[in-house]
Amino acid sequence: MAAETKPTRSIRDIPPGVWALGFVSMLMDVSSEMIHALLPIYLVTVLGASMVTVGVIEGIAEATASIVKIFSGALSDWLGKRKWLAAIGYGLAAFTKPVFPLAPTVGWLVAARFVDRIGKGIRGAPRDALVADLSPPDLRGASFGLRQSLDTIGAFLGPLLAIALMWWTADNFTTVFWVAVIPAFLAFALIVFAVREPERPKALRTVRNPISLAEIKNLGTAYWWVVAVASVFTLARFSEAFLVLRAQNVGLPIMLVPAVLVAMNVVYSLAAYPAGVMSDRMSRTAVLAGGIVVLIIADVVLALMPSIGGVALGVVLWGLHMGLTQGLLAALVADTAPAELRGTAFGFFNLLGGLAMLAASVIAGALWDIAGPQGTFLAGASFALVALAGLLMVRGKIGQRIPA
């Protein structure tokens with residue numbers, strides 16, 4: 001009987017390569033968020049760009065990243081290698097960072113932002129597939145949760161460092177941008193020297209054309225159900241910019257508004273790893289369903305409690321739902337996609353998620369104009385209910401895991 005008992009695994013059992021990839025993500029996020037937190041203000045106040053220009057730059061940048069992910073993921077499956085594609089993506093991001101303090105015109109910044117997002121697109125799917133390749137099946141949720149947690153730590157450390165450095169340097173954008181170069185190159189060095197890609201199993205099928213119709217069918221029904229549920233769910237969790245707008249709407253002083261995203265990301269980072277551990281020890285779909293329920297509650301609170309306290313509670317719940325869902329969705333992709341097609345699987349997953357996020361933010365903005373913040377957040381709760389219903393209907397179909 002003792003032999004049948006599933007051993008308890010701890011954080012110490014997570015492979016060193018997963019830890020290294022987590023710190024790579026964290027360092028690059030610190031660098032990127034230091035710049036991105038200040039870039040819109042820098043474009044408008046220093047270089048004289050219009051708000052339309054800022055919107056066009058961000059839209060092109062994010063669309064580029066989403067499209068590139070498909071091809072980089074498929075290329076990693078075709079090559080049978082993932083580390084160096086991910087390293088190229090991080091390298092592009094690192095080597096464009098010095099352009100931000102040196103750029104004399106908006107055109108240079110547009111080019112740098114474009115190349116930076118190409119780098120993000122190149123690295124995303126191969127990196128996630130590499131995490132899956134490195135992780136034992138019974139630690140897959142914990143591994144994705146750990147990487148997500150470290151990544152999110154970078155997401156709130158970056159803006160905090162930017163705020164501190166702007167205060168210390170008396171609003172010297174150039175100095176802050178130069179400091180942001182350092183963690184970017186540390187991230188690049190870490191993936192090159194500290195991450196070792198596992199040998200490709202000899203029995204694994206060779207993939208000649210990962211994005212052919214035949215291979216897309218080979219991804220399997222369970223995988224596409226995961227993508228479908230995730231896409232509907234993404235319609236419910238529109239851009240966090242609306243959390244900032246809600247905080248300002250209820251009277252939070254502008255100086256304190258950045259604290260909204262800091263608080264959300266702190267909760268997110270604290271919840272992501274425990275959520276991954278729970279998903280390894282019980283049903284992933286049960287933990288994911290719990291996360292969707294938390295989002296519904298967060299939306300209702302943000303819609304119906306128009307006060308600073310209400311927004312604070314809503315933001316904490318929003319961060320909790322992110323921790324309970326984002327790493328788990330990645331683990332479910334790894335569970336359901338064939339090992340030889342994981343790069344392609346993450347590419348499609350990220351592309352469709354990016355398109356859903358764009359649609360969600362457009363819908364949320366339109367509803368805000370028509371029905372105010374209550375309409376936006378109640379609509380989010382409705383989409384989340386649809387996603388929850390869909391998850392409960394297909395949970396048996398996506399609960400069958402591919403063992404390796």
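- The closest side-chain donor-acceptor pair between Thr285 and Arg395, if any, does not fall under 3.5 angstrom.
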Practice item. Verify salt bridge (Lys or Arg N to Asp or Glu O under 4.0 Å) between Asp138 and Arg281, making sure each step is shown before the conclusion. Key: CA-CA 8 Å; Asp138 61 333; Arg281 297 178 180 176; over 6 Å; no
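- Rounded to the nearest 0.5 Å, atoms CG (Asn249) and CG (Leu243) are 12.5 Å apart.
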Practice item. With side chain to side chain contact (heavy atoms under 4.5 Å, CB included) as the test, would you mind laying out the steps for Leu85 and Ser76 before giving the verdict? Key: CA-CA 7 Å; Leu85 272 175; Ser76 78; 3.6 Å; yes
Practice item. Show the numbers, then the answer: is there a side chain to side chain contact (heavy atoms under 4.5 Å, CB included) between Ser149 and Met26? Key: CA-CA 9 Å; Ser149 181; Met26 184 185 75; over 6 Å; no
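- Atom OG of Ser382 is separated from atom CZ of Phe377 by 13.5 Å, given to the nearest 0.5 angstrom.
- Looking at Arg200 and Arg82, their side chains never come closer than 4.5 Å, going by heavy atoms from C-beta outward.
- Proximity of a side-chain donor or acceptor of Asp280 to a complementary backbone N or O of Ala142 within less than 3.5 Å is detected.
- The closest side-chain heavy-atom distance from Arg196 to Pro16 is not below 4.5 Å.
- Judged purely by atom type and a 3.5 angstrom limit, Lys97 has no side-chain atom pairing as donor or acceptor with the backbone of Asp116.
- Of the options Gln148, His321, Gln326, a side-chain hydrogen bond (donor to acceptor under 3.5 Å, both in side chains) to Tyr268 is made by Gln148 and by none of the others.
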Point to revise | side-chain hydrogen bond (donor to acceptor under 3.5 Å, both in side chains) evaluation trace for Ser269 with Thr152 | key: CA-CA 5 Å; Ser269 67; Thr152 310; over 6 Å; no
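- Listed for the Tyr223 side chain is a donor-acceptor partner under 3.5 Å among the backbone atoms of Ala345.
- The two residues Leu388 and Ala289 come nearest to each other via the heavy atoms CD1-CB, 3.8 Å.
- A 4.5 Å side-chain heavy-atom check between Asp128 and Phe349 finds every atom pair outside the cut-off.
- A donor-acceptor pair is defined here as one N or O able to donate and one able to accept, closer than 3.5 Å; such a pair exists between the side chain of Thr376 and the backbone of Ala364.
- The two atoms that bring Phe144 and Ala334 nearest to each other are CE1-CB, 3.9 Å, heavy atoms only.
- Aromatic ring centroids of Phe100 and Trp178 lie 6.0 Å or more apart.
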Practice item. Applying salt bridge (Lys or Arg N to Asp or Glu O under 4.0 Å), run through Asp133 and Arg342 and close with a yes or a no. Key: CA-CA 9 Å; Asp133 293 345; Arg342 279 180 182 148; 2.9 Å; yes
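- Atoms CG and OG1, on Leu391 and Thr325 in that order, are 11.0 Å from each other to the nearest 0.5 Å.
- Closest heavy-atom contact between Asp335 and Arg140: OD1-NH1, 3.0 Å.
- Crowding of Trp368 atom CH2: a count of heavy atoms from other residues, nucleotides or ligands under 6.0 Å exceeding 12.
- For the pair Phe348/Val227, no side-chain contact is recorded, criterion being any heavy-atom separation below 4.5 Å from C-beta on.
- Side-chain contact between Leu302 and Pro373: absent, with no pair of heavy atoms (C-beta onward) separated by less than 4.5 Å.
- With contacts defined as side-chain heavy-atom distances shorter than 4.5 Å, the pair Met166/Phe173 qualifies.
- Between Lys69 and Asn350, the shortest heavy-atom contact is CD-CB, 3.3 Å.
- The closest side-chain heavy-atom distance from Leu165 to Thr175 is not below 4.5 Å.
- Judged purely by atom type and a 3.5 angstrom limit, Trp318 has no side-chain atom pairing as donor or acceptor with the backbone of Leu313.
- Checked by atom type and distance alone, the side chain of Ser31 never pairs as donor or acceptor with a backbone atom of Leu27 at under 3.5 Å.
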**Study point:** Residues Met28, Arg123; criterion side chain to side chain contact (heavy atoms under 4.5 Å, CB included); working and verdict
**Key:** CA-CA 12 Å; Met28 188 56 75; Arg123 68 183 183 252; 3.9 Å; yes
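- The shortest heavy-atom contact between Val195 and Ile191 is CB-O, 3.6 Å.
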Practice item. Using the side chain to side chain contact (heavy atoms under 4.5 Å, CB included) rule, take Phe71 and Ile122 through it: C-alpha gap first, then chi angles, then the decisive distance, then the call. Key: CA-CA 8 Å; Phe71 297 103; Ile122 290 173; over 6 Å; no
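- Annotation: the span from Met278 atom CE to Leu328 atom CG amounts to 8.0 Å, rounded to 0.5 Å.
- In terms of heavy-atom proximity, Asp299 sits nearest to Ala236 at OD2-O, 4.2 Å.
- For Arg205, the CZ atom sits in a packed shell: over 12 heavy atoms of surrounding residues, nucleotides or ligands are nearer than 6.0 Å.
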**Study point:** Residues Arg147, Asp151; criterion salt bridge (Lys or Arg N to Asp or Glu O under 4.0 Å); working and verdict
**Key:** CA-CA 6 Å; Arg147 194 212 67 81; Asp151 179 272; 3.7 Å; yes
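- Put simply, the side chain of Trp167 does not reach to within 4.5 Å of the side chain of Ile163, judged on heavy atoms.
- Atom CZ of Arg237 and atom CD1 of Ile292 lie 11.5 Å apart (nearest 0.5 Å).
- The closest donor-acceptor contact from the side chain of Ser143 to the backbone of Ala132 lies at 3.5 Å or more, if one exists at all.
- Taking the six-membered ring for Trp and the full ring otherwise, the centers of Phe383 and Phe233 sit at least 6.0 Å from each other.
- Taking CG from Leu75 and CG from Leu79, the interatomic distance works out to 4.5 Å, rounded to the nearest 0.5 Å.
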